[in-house]
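I have placed the structure first, in the form of structure tokens, so that the comments after it can refer back to it.
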Amino acid sequence: MMVCICTGGIGGRILADGEGRRPDIASDDIEVDASGTWLYFAVPAGPLKRIGVADLLDMALTDDQLAQKVEIVAEIPSIGGTCMDTRGNIYLADAENSQITVLSPSGKRATLVQDHRLISPDALFIDRNRRLYVPCPQLQKLAFLNDGRNEVQAPFLVFSIPLPDSLDGIPLGTGVEG
């Protein structure tokens, strides 16, 4: 798990408490592709990076040698969560723009859904029926991220989105299991 300074909320708003302090946020934006070849990771403000799983398991490599094997995949907006499908697409919960973006292995991007109710989207996953689930816990509205004001309101939403076969020419896969 990585810890970073939280950067942007909806519309790029700086997330801070009532005294202007920007909190440290624990980040778990990590994915392993379906073949087990690559580990992808990012702090919420990016960039998205990857490293070979075989390299991580090679006990002969030093930390400096491992660092040299890390690749930058893409610059990304402030994200709340990720998931990956069997075709290598990474789904990014774009917290600044209230949308879910698909990033293909070739680097092409497409917006799957944009909705003002996607507040702090996080913990994305794809089920066996090819539905993307997106919990929206409204973290950006908690006092420690919202200038000291708690503006969280029920209901707490979990979006369920059926995945099309493709999106703007990007073939979409199923959920990665195992």
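Reckoned from all heavy atoms, side chains included, excluding hydrogens, waters and symmetry mates.
In the hydrophobic clustering, where aliphatic and aromatic side chains (Ile, Leu, Val, Met, Phe, Trp, Tyr) are joined below 4.5 Å either directly or transitively, V158 groups with F125, Y133.
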*Begin from the C-alpha positions of T82 and E31 and carry the test side-chain hydrogen bond (donor to acceptor under 3.5 Å, both in side chains) through to its verdict.*
CA-CA 8 Å; T82 59; E31 303 294 335; 2.7 Å; yes
*Would you sort out whether S35 and D33 count as a side-chain hydrogen bond (donor to acceptor under 3.5 Å, both in side chains), showing the intermediate values?*
CA-CA 6 Å; S35 69; D33 70 354; 3.2 Å; yes
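When side chains are defined from C-beta on, I100 does not count as touching F159, because their heavy atoms never get closer than 4.5 Å. Residues I161 and V134 are in side-chain contact: their nearest non-hydrogen atoms beyond the backbone lie under 4.5 Å apart. Residues S78 and N97 are not in side-chain contact: their nearest non-hydrogen atoms beyond the backbone lie 4.5 Å or more apart. Looking at heavy atoms from C-beta onward, C83 lies in side-chain contact with L132 at the 4.5 angstrom threshold. Taking the side chain as every heavy atom from C-beta outward, N129 and D127 approach each other to under 4.5 Å. Between R128 and E177, the closest side-chain pair of non-hydrogen atoms falls below 4.5 Å. When side chains are defined from C-beta on, F156 counts as touching Q138, because their heavy atoms get closer than 4.5 Å.
Residue pairs that meet the side-chain hydrogen bond (donor to acceptor under 3.5 Å, both in side chains) test with at least one member in residues 157-170, sequence neighbours left out, are R131-S160.
Residue M84 holds its CE atom at 11.0 Å from CH2 of W38, rounded to the nearest 0.5 Å. Considering CG of D58 and CG of L66, their distance stands at 7.5 Å, rounded to 0.5 Å. The distance from atom CD1 of I170 to atom OG of S104, rounded to the nearest 0.5 Å, is 4.5 Å. Summarising the geometry, atom CZ belonging to R50 is positioned 9.0 Å from atom CD1 belonging to I90; distances are rounded to the nearest 0.5 Å.
A donor-acceptor pair is defined here as one N or O able to donate and one able to accept, closer than 3.5 Å; no such pair exists between the side chain of Q99 and the backbone of T111. Side-chain atoms of T86 come within 3.5 Å of backbone atoms of T174 as a donor-acceptor pair (strictly under, hydrogens ignored). Distance alone, capped at 3.5 Å, is enough to place a donor-acceptor pair between the R130 side chain and the L163 backbone.
When all heavy atoms are compared, the tightest approach of P77 to D94 is CG-OD2, 3.4 Å. A pairwise comparison of heavy atoms in P135 and A123 identifies CD-O, 3.6 Å as the closest pair. Taking each heavy atom of A95 and P121 in turn, the nearest pair found is CA-CD, 4.2 Å. A pairwise comparison of heavy atoms in V32 and V176 identifies O-CG1, 4.1 Å as the closest pair. Heavy-atom minimum distance, I126 versus G175: CG2-N, 3.5 Å. Taking all atoms of both residues into account, the shortest heavy-atom contact from L124 to A93 is CD1-CB, 3.4 Å.
Taken together through direct or relayed side-chain contacts under 4.5 Å among Ile, Leu, Val, Met, Phe, Trp and Tyr, I72 and L48 form parts of separate hydrophobic clusters.
Within a 6.0 Å sphere centred on CD of Q68, other residues, nucleotides and ligands contribute 12 heavy atoms or fewer. Atom NZ of K69 has 12 or fewer heavy atoms from other residues, nucleotides or ligands within 6.0 Å.
Looking at L172, I79, L103 one by one, the single match for side-chain contact (heavy atoms from CB on, under 4.5 Å) with Y91 turns out to be L172. Checked against V70 for a side-chain contact (heavy atoms from CB on, under 4.5 Å), the options L39, D55, I51 give a single hit: I51.
A salt bridge between R87 and D85 is absent, with no side-chain N of the basic residue lying under 4.0 Å from a carboxylate O of the acidic one.
Residues passing the side chain to side chain contact (heavy atoms under 4.5 Å, CB included) test with P105 are N89, sequence neighbours excluded.
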